[in-house]
Amino acid sequence: MNKPFDYNLAFSRNIGWVTEAEQAILCAKRIAIAGLGGVGGSHLLTLTRLGVGKFNIADFDRFELANFNRQAGATLSHLGQPKVDVLAEMALDINPTLDIKKFSEGVNQDNVSEFLTDADVYVDGLDFFAFAARERLFAACAELGVPAVTAAPLGMGAALLNFMPGNMTFEEYFQLEGKSEADKILHFLLGLSPAMLQVGYLADRSGVDLINHKGPSTPMACEICAGFAATQALRILLQRGRIVAAPWGLHFDAYRNKLAKTWRPWGNRNPLQRLGLMIARQQLMKISKETSA
């Protein structure tokens, strides 16, 4: 016979790194997560195990075989099933008392305000190339005063940026508005990763075709992202001191055993970034020619 669920017992091993009073705070907080693929699904499960009690989750996609190398919930038994339903079920299997609001159509212009309603933090799990949705969401976060965390899986590591109310906004940092698709790809990639720690060990360039929305991924990077983002969410929710926010960023690469703390005042308008974008544009064109040959 199954014992009734006991929140305090289930998350008692968190105590020590958080106090009992802080655990109660986490239980009452709501986190919004858009995208439940490579990083978003891991975000949800990690934050659930942290004891966060409320979530708004959004994704319109279904699981397919190509998701198996990195995505929480990607199993044979879940093929073809909506990611938002699978991940909600997995989270509820950890904590059946969760308050989960599902947005099965994803986040769009009509529901972005509802998606962020009562959210204490937004954690970004959108696909790298989902620029329209990401720009819309981060703009709404800035307007509504919702702290936003993005952790990008890069190689075998993760790059982290926080956007805090009253600080530099997503658009001020990345400068995506009005750019072409190719330029948005470059601006977003280099903005996320000024240090570009991941480039040195790329083993097969044929796996990279950013123009056609193709790039390699690893499960390690997704799990590092989840740890990075959940830690930042904890510090924000519990008001534990100053948050490293844009134009400051962090990039940890487990393969190279390196941690870089980056600072790009003016974001992608920074002279170093502009030089990097010029070089990256040349490299992208070269790789595109190689992969299409």
Side-chain angles (χ1 to χ4, degrees), residues 31-50 52 55-95 98 100-107 115 121-134 137 148-161 185 188-189 192-193 198 202-204 207-210 212-233 252-255:
I31 291 182
I33 305 172
L36 296 169
V39 294
S42 293
H43 287 331
L44 176 61
L45 300 185
T46 300
L47 289 161
T48 296
R49 293 191 188 280
L50 183 61
V52 173
F55 293 96
N56 295 345
I57 57 174
D59 201 307
F60 57 79
D61 203 5
R62 294 172 179 265
F63 281 113
E64 57 186 37
L65 203 58
N67 302 149
F68 275 40
N69 79 312
R70 68 200 184 281
Q71 295 194 14
T75 63
L76 288 174
S77 62
H78 292 149
L79 277 175
Q81 293 188 31
K83 294 179 181 179
V84 71
D85 292 338
V86 170
L87 268 301
E89 182 179 349
M90 292 175 70
L92 286 165
D93 207 25
I94 298 168
N95 179 0
L98 285 178
I100 299 183
K101 296 179 180 178
K102 297 188 294 185
F103 293 75
S104 57
E105 70 279 18
V107 180
F115 175 70
V121 176
Y122 167 64
V123 178
D124 186 30
L126 291 170
D127 181 87
F128 178 91
F129 302 100
F131 295 117
R134 182 172 279 111
L137 259 169
V149 178
T150 185
L154 298 170
M156 300 179 204
L160 173 85
L161 283 167
I185 291 171
F188 191 51
L189 177 60
L192 285 169
S193 176
Q198 73 278 11
L202 180 65
D204 186 348
V208 181
D209 187 2
L210 297 180
N212 291 309
H213 295 187
K214 177 187 176 185
S217 58
T218 67
M220 300 84 79
C222 294
E223 296 306 314
I224 292 170
C225 282
F228 240 159
T231 303
Q232 297 303 305
F252 172 68
D253 192 282
Y255 187 89

Parallel, tilted or perpendicular for Phe128 and Phe188, by the 30°/60° rule? tilted

Leu137 versus Leu126: any side-chain heavy-atom pair under 4.5 Å? yes

Separation of Leu98 CG from Leu44 CG (nearest 0.5 Å): 7.5 Å

Quick check: are there more than 12 heavy atoms from other residues, nucleotides or ligands sitting under 6.0 Å from CD of Glu105? yes

I'd like to know whether OH of Tyr255 has more than 12 heavy-atom contacts from other residues, nucleotides or ligands below 6.0 angstrom. no

side-chain contact (heavy atoms from CB on, under 4.5 Å) between Asn56 and Tyr122: does it pass, once the steps are laid out? CA-CA 9 Å; Asn56 295 345; Tyr122 167 64; over 6 Å; no

Atom pair CG/CG of Leu87 and Leu92 - distance to nearest 0.5 Å: 11.0 Å

Hey, does Asp61 have a side-chain heavy atom less than 4.5 Å from the side chain of Asp127? no

Can you find a side-chain donor-acceptor pair between Asn69 and Ser217 that sits under 3.5 Å? yes

Look up atom CD1 in Ile94 and atom CG in Leu45, then write down how far apart they are to the nearest 0.5 Å. 5.0 Å

List the steps, then state whether side-chain contact (heavy atoms from CB on, under 4.5 Å) holds for Thr48 with Phe55. CA-CA 9 Å; Thr48 296; Phe55 293 96; 3.5 Å; yes

Considering only heavy atoms from C-beta outward, does the side chain of Phe63 approach that of Thr75 to under 4.5 Å? no

Report yes if the side chains of Ile33 and Leu47 come closer than 4.5 Å at any heavy-atom pair, otherwise no. yes

Minimum heavy-atom separation for Phe115 to Ala34, with atom names? CZ-N, 3.7 Å

Using atom types as modelled and distance alone, determine if a side-chain donor or acceptor of Asn212 lies under 3.5 Å from a backbone N or O of Lys214. no

For the student: nearest non-hydrogen atoms of Asp124 and Val39, plus distance: O-CG2, 4.2 Å

Working to the nearest 0.5 Å, report the span between CG of Asp59 and CG of Asp85. 10.0 Å

Between Cys225 and Ala151, what is the shortest heavy-atom contact and its length? SG-O, 3.4 Å

Heavy atoms, side chains only, cut-off 4.5 Å: are Asn67 and Lys83 in contact? yes

Keeping the roles fixed (side chain from Arg134, backbone from Phe129), state whether a donor-acceptor pair exists under 3.5 Å. no

Under the side-chain contact (heavy atoms from CB on, under 4.5 Å) test against Val86, which residue among Gln81, Arg62, Gln71 passes? Gln81

Roughly how far, to the nearest 0.5 Å, is CD of Glu223 from OG1 of Thr46? 6.0 Å

Just wondering, do Phe131 and Ile185 contact through their side chains at under 4.5 Å, heavy atoms? yes

Where Ala72 and Gly41 come nearest, the two heavy atoms and their spacing: CB-C, 4.0 Å

Tell me, please, which residues at least two apart from Ser193 pass side-chain hydrogen bond (donor to acceptor under 3.5 Å, both in side chains). Gln198, His251

Yes or no on side-chain contact (heavy atoms from CB on, under 4.5 Å) for Phe103 and Val84, after CA distance, side-chain angles and deciding distance? CA-CA 8 Å; Phe103 293 75; Val84 71; over 6 Å; no

All heavy atoms of Ala233 vs all of Ile31, minimum pair found to be CB-CD1, 4.2 Å

When every non-hydrogen atom of Cys222 is compared with those of Arg70, the smallest separation belongs to SG-CB, 3.9 Å

Point-to-point distance, once rounded to the nearest 0.5 Å, from OG of Ser104 to CD1 of Ile57: 10.0 Å

